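Just so it is clear, the model here is predicted, and its values are computed rather than measured. For the numbers below, each heavy atom of this structure counts, side chains included, while hydrogens, waters and symmetry mates do not.
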There are 2 protein chains.
Amino acid sequence: MKSDIEIAQSVTLKPIAEVVKQVGIDFDDLELYGKYKAKLSFDKIEKIKANKLGKLILVTAINPTPAGEGKSTMSIGLADALNKMGKKTMIALREPSLGPVMGIKGGAAGGGYAQVLPMEDINLHFTGDMHAITTANNALSALIDNHLHQGNELGIDQRRIIWKRVVDLNDRALRHVTIGLGSPVNGIPREDGFDITVASEIMAILCLATDINDLKERLANIVVAYRYDRTPVYVRDLKVEGALTLILKDAIKPNLVQTIYGTPAFVHGGPFANIAHGCNSVLATATALRLADYTITEAGFGADLGAEKFLDIKTPNLPTTPDAVVIVATIRALKMHGGVAKTDLGKENVEAVRTGFANLKRHVENVRKFGLPAVVAINEFVADTEAEIAVLKELCAEIDVPVELASVWANGPDGGINLANAVVNAVENGNAEYERLYSDEDSLEEKVTKIVTEIYGGDKVIFGKKAKTQLKQFAQFGWDKLPVCMAKTQYSFSDNPSQLGAPTDFAITIREFVPKIGAGFIVALTGDVMTMPGLPKKPAALNMDITPDGTAIGLF
Amino acid sequence: MKSDIEIAQSVTLKPIAEVVKQVGIDFDDLELYGKYKAKLSFDKIEKIKANKLGKLILVTAINPTPAGEGKSTMSIGLADALNKMGKKTMIALREPSLGPVMGIKGGAAGGGYAQVLPMEDINLHFTGDMHAITTANNALSALIDNHLHQGNELGIDQRRIIWKRVVDLNDRALRHVTIGLGSPVNGIPREDGFDITVASEIMAILCLATDINDLKERLANIVVAYRYDRTPVYVRDLKVEGALTLILKDAIKPNLVQTIYGTPAFVHGGPFANIAHGCNSVLATATALRLADYTITEAGFGADLGAEKFLDIKTPNLPTTPDAVVIVATIRALKMHGGVAKTDLGKENVEAVRTGFANLKRHVENVRKFGLPAVVAINEFVADTEAEIAVLKELCAEIDVPVELASVWANGPDGGINLANAVVNAVENGNAEYERLYSDEDSLEEKVTKIVTEIYGGDKVIFGKKAKTQLKQFAQFGWDKLPVCMAKTQYSFSDNPSQLGAPTDFAITIREFVPKIGAGFIVALTGDVMTMPGLPKKPAALNMDITPDGTAIGLF
């Protein structure tokens with residue numbers, strides 16, 4: 001069996017300028033990065049603002065398990081299938097972070113015969129967006145520390161600087177550092193830490209901004225610290241939002257690439273799905289909607305986190321709302337939700353499918369709470385048995401949700417035609433009536449409570465001492481009208497990663513809130529959130545190499 | 001008077017693919033980054049390996065003063081003038097670091113009517129080379145700390161890790177840090193520090209590598225730490241040279257841009273001129289030599305540091321040796337070398353020109369010690385008086401060195417025609433006979449001593465205690481056959497920045513050596529070397545902004 005990189009390198013790519021002609025993009029609309037990657041010019045984005053809007057399909061999943069679900073692969077395969085059926089389709093996906101690429105994953109651009117290409121570039125520096133975000137983030141840090149060093153005119157409390165530095169790497173040794181050591185010429189000594197770039201608020205901002213002015217305004221609204229009197233210090237107080245916007249002037253433009261089968265794809269922005277909203281950029285999705293009849297996009301983690309945030313945080317910034325939601329699952333993963341250990345997944349277990357279906361069922365019900373039709377996509381594996389598939393179909397029929405097997409990893413678009421037809425049906429039935437779960441006017445407590453009770457299936461929310469204090473402060477600062485961004489384990493509906501299936505009768509504890517005023521949401525922390533991964537004992541980097549003629553080895 | 005950015009933005013750029021046709025580069029040889037920047041493909045670099053080599057002109061300067069010399073501006077104007085005269089000319093320059101751009105300088109791509117464009121992009125992220133180097137550097141750091149954390153199989157002494165992290169920013173608070181704090185899951189606590197990216201050994205390596213294999217070999221040779229028994233730990237011991245090379249796969253390809261007057265220019269690589277050799281990449285210079293009749297390139301700081309390193313460190317990696325050396329000076333700067341304070345530069349002072357000429361004279365003599373003809377280029381200022389110019393010309397005639405005034409900042413190529421003619425004369429006289437100052441077989445002491453006595457004009461070298469110990473160690477490790485890279489103040493021939501003119505009877509103290517085995521040289525530190533600048537009280541970033549349509553403001 002060929003590896004992802006072998007399949008990718010066996011494909012003869014078309015110049016990206018050729019690929020995007022099918023959606024009405026001309027050569028002059030592009031800023032090329034090599035022959036196969038491009039950014040779309042602001043001129044073009046502006047020019048098509050009045051275009052008719054296409055249909056929007058959100059791809060999400062059950063709670064992830066170690067068995068793997070293949071959400072990106074499914075999104076790409078579905079788009080290729082729709083294109084093959086004659087629907088003018090575009091993809092809008094997140095761009096991968098280099099940290100996990102060098103660490104464990106080795107790559108993140110779909111898989112098998114459902115990949116976006118050139119996968120080597122997408123997985124390495126791509127068009128430099130991550131680096132621009134890293135630079136903007138750390139320029140802000142340097143400017144804050146310089147402000148302290150030069151006399152601290154704003155009266156920043158150096159113990160309460162919440163703006164951290166970032167690197168786009170897995171580097172556990174940088175989680176907790178002390179800086180400014182050694183001598184007065186080296187600045188003010190203080191504690192600091194580094195997050196991975198995708199956890200930067202600037203990444204979330206870039207993905208929610210609708211144009212350069214909006215970007216600048218959001219950057220100006222970032223809270224970087226508090227004064228001794230506990231009032232917030234914003235970027236606008238430092239007067240550096242212009243410089244930060246300038247640093248991001250190209251990163252904000254959506255990137256265009258192609259799938260193996262020539263479907264044009266935006267791959268742009270990739271905020272963390274825990275302390276941020278986990279979706280690609282609003283600009284990419286909105287632009288795809290104006291260029292294509294169908295836009296396939298994806299949200300991070302399972303639907304409890306990813307789809308909820310897509311629908312409550314991202315959707316209000318889009319020019320339209322989703323027409324259907326695809327929920328990806330696998331028989332293997334459902335069996336794990338039904339209590340089977342990973343080592344036993346090779347054996348048929350119909351009962352476990354039946355039990356594990358509870359997880360999928362709750363996600364379907366949740367999608368319907370947003371007024372949207374759901375379609376279940378089963379990512380086929382060789383070991384899936386007929387009996388297992390039959391029971392799953394029966395269970396889906398009981399709740400009246402269309403379900404289709406798809407084998408896009410192995411078969412490309414041909415493996416996704418049935419799914420594509422089901423999606424087209426759901427869209428053309430036209431009964432999508434998007435409704436947000438909460439309104440801006442709800443208090444932060446109400447927003448969190450609605451998410452926990454209506455989406456997670458919990459019965460109450462406990463606000464810790466710090467969170468309670470913050471609720472009062474945030475209301476004073478006028479931050480309580482913002483949406484909530486939940487930071488919770490992706491493995492369970494509850495805050496306990498080992499509670500698979502569809503747990504009930506649980507409470508969720510909110511330990512702390514984190515203001516992301518620039519991004520425009522308040523993060524609610526339900527536990528410790530990892531914002532800087534570490535490298536494993538044998539990092540993927542050890543297998544990477546390059547031939548003398550420049551061919552990449554060891555990305556997968 | 002228009003600012004640099006106003007002049008730059010008033011120019012209608014030609015697509016870079018059009019610009020490079022004049023030197024035989026086709027569209028398919030390019031990897032475009034937008035319409036006006038491109039990287040040259042390895043295929044093309046390979047294809048022209050047997051081309052006839054053009055003439056190489058090195059542009060250097062007297063010891064810099066606060067009055068400014070304008071070396072890059074002169075290089076660009078000279079190339080434009082040569083092109084205008086019908087000589088097929090290319091430029092090979094360094095790319096600027098973002099740190100100083102955000103800090104003090106606001107930009108570094110020439111000035112006035114002698115600029116490389118698009119200056120906004122060149123000064124910001126350009127084609128991402130700096131970011132790739134930052135990432136490779138910090139990936140190595142993360143892999144080292146991960147190695148410690150995962151059991152330290154190589155027995156690295158955590159107190160003797162010499163590999164530091166980098167950011168491409170001016171950030172004094174990161175000079176001295178402690179990392180790995182907080183908990184055992186955060187790795188091993190230790191001291192560390194951040195340099196600016198251009199000070200990374202990987203930058204020097206990128207600029208000296210002749211192809212991908214050479215790059216990988218040099219990366220493998222980096223010394224990152226010592227074991228408890230003081231033996232060196234190399235990157236090859238960590239087995240990550242493949243991954244690091246992969247991260248640099250595009251950064252190694254030379255970048256093409258254009259001058260205001262359409263001269264094709266390589267702008268590629270920019271190592272510090274103190275702890276590194278301060279020249280653009282060997283690949284860019286060598287490729288320019290194969291494409292153009294004349295290649296104009298530049299070395300950092302004054303000729304005592306920049307030209308010496310160009311000739312002793314870079315030249316042996318080039319396919320040919322320089323044909324002439326242009327030494328840039330200004331009347332103002334000569335007056336400062338003659339003892340005039342900056343505030344008094346507006347007044348005529350013929351005697352000060354006469355006294356300050358000693359500095360220029362020694363640089364001319366030094367260039368001749370390398371067997372090369374020198375040409376003096378006086379960067380004209382309005383305040384220069386006829387008497388001052390006359391005495392300078394008289395003094396130059398005494399030592400038989402051609403001298404020309406040039407006004408390329410104000411007048412573009414027309415201001416550089418006389419200089420260009422003088423350079424062509426010097427080249428066509430053909431009496432360049434390059435000779436390296438020292439041979440590889442000289443010991444490190446001998447190499448340093450030759451530089452100090454023959455180039456700086458000092459009378460002896462004092463090796464400090466640590467340096468003496470290192471001389472023995474380095475000989476044991478087989479490192480003593482490498483060239484020496486002097487880290488000395490750029491303001492004086494001596495190690496005392498206030499000794500202007502042409503000091504004599506001084507000693508240079510070598511405090512410490514720093515092994516850069518990957519780059520292939522040994523740095524000799526004559527004092528404290530700043531490898532991480534700080535931001536000023538009012539950073540240039542405060543003036544930067546961007547209009548809603550994407551036009552940059554505040555770069556200059």
Among [options], residue most engaged with chain B (heavy-atom pairs, under 4.5 Å):
{"options": "A/I188, A/V177, A/L181", "answer": "A/L181"}
{"options": "A/D549, A/L174, A/D168, A/D121", "answer": "A/L174"}
{"options": "A/D145, A/D250, A/I247", "answer": "A/I247"}
{"options": "A/A139, A/G99, A/S141", "answer": "A/A139"}
{"options": "A/R172, A/E31, A/H149", "answer": "A/R172"}
{"options": "A/K249, A/M532, A/K239", "answer": "A/K249"}

Exercise. For B/V240, which of B/L140, B/I144, B/L219 qualifies under side-chain contact (heavy atoms from CB on, under 4.5 Å)?
Worked result: B/L140
Most heavy-atom pairs under 4.5 angstrom with chain A, which of [options]?
{"options": "B/A132, B/G182, B/G534", "result": "B/A132"}
{"options": "B/T245, B/N170, B/V185", "result": "B/V185"}
{"options": "B/N186, B/D28, B/D171", "result": "B/N186"}

Considering only heavy atoms, which portion of [X] lies under 4.5 Å from any heavy atom of chain B: side chain, backbone, both, or neither?
{"X": "A/N213", "result": "side chain"}
{"X": "A/I179", "result": "both"}
{"X": "A/T134", "result": "neither"}
{"X": "A/L30", "result": "backbone"}
{"X": "A/I553", "result": "backbone"}
{"X": "A/F194", "result": "side chain"}

Exercise. Any chance the side chains of A/E120 and A/Q9 put a donor and an acceptor closer than 3.5 Å?
Worked result: yes
Exercise. Is there side-chain contact between A/L13 and A/K35, with at least one heavy-atom pair below 4.5 Å?
Worked result: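 Side-chain contact under 4.5 Å: no.
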Exercise. Does a side-chain heavy-atom distance below 4.5 Å link A/L40 with A/K253?
Worked result: no
Proximity breakdown for [X] and chain A, heavy-atom pairs closer than 4.5 Å:
{"X": "B/P189", "value": "neither"}
{"X": "B/R165", "value": "side chain"}
{"X": "B/T547", "value": "backbone"}
{"X": "B/D43", "value": "neither"}
{"X": "B/L246", "value": "both"}

[X] side chain vs [Y] backbone, donor-acceptor pair below 3.5 Å:
{"X": "A/D211", "Y": "A/D214", "value": "yes"}
{"X": "B/D29", "Y": "B/D26", "value": "yes"}
{"X": "B/K39", "Y": "B/N255", "value": "no"}
{"X": "A/R175", "Y": "B/G187", "value": "no"}

For this session: Name all residues meeting the side-chain hydrogen bond (donor to acceptor under 3.5 Å, both in side chains) criterion together with B/H131; count only those two or more places apart in sequence or in a different chain, and write none if there are none.
Result: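 Checked B/H131 against side-chain hydrogen bond (donor to acceptor under 3.5 Å, both in side chains); matches are B/H125.
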Exercise. CG of A/L283 to CG of A/L206: how many Å apart, nearest 0.5 Å?
Worked result: 8.0 Å
Seminar exercise, completed: To the nearest 0.5 Å, atom CG of A/L238 lies from atom CG of A/L143 at 7.5 Å
Please output the side-chain donor-acceptor pairs of residues 537-546 of chain B that fall under 3.5 Å, not counting sequence neighbours, one pair per line with the distance.
from, atom 1, to, atom 2, distance (Å)
B/K537, NZ, A/Q150, O, 2.7
B/D545, OD1, A/K216, NZ, 2.8
B/D545, OD2, A/K216, NZ, 3.4

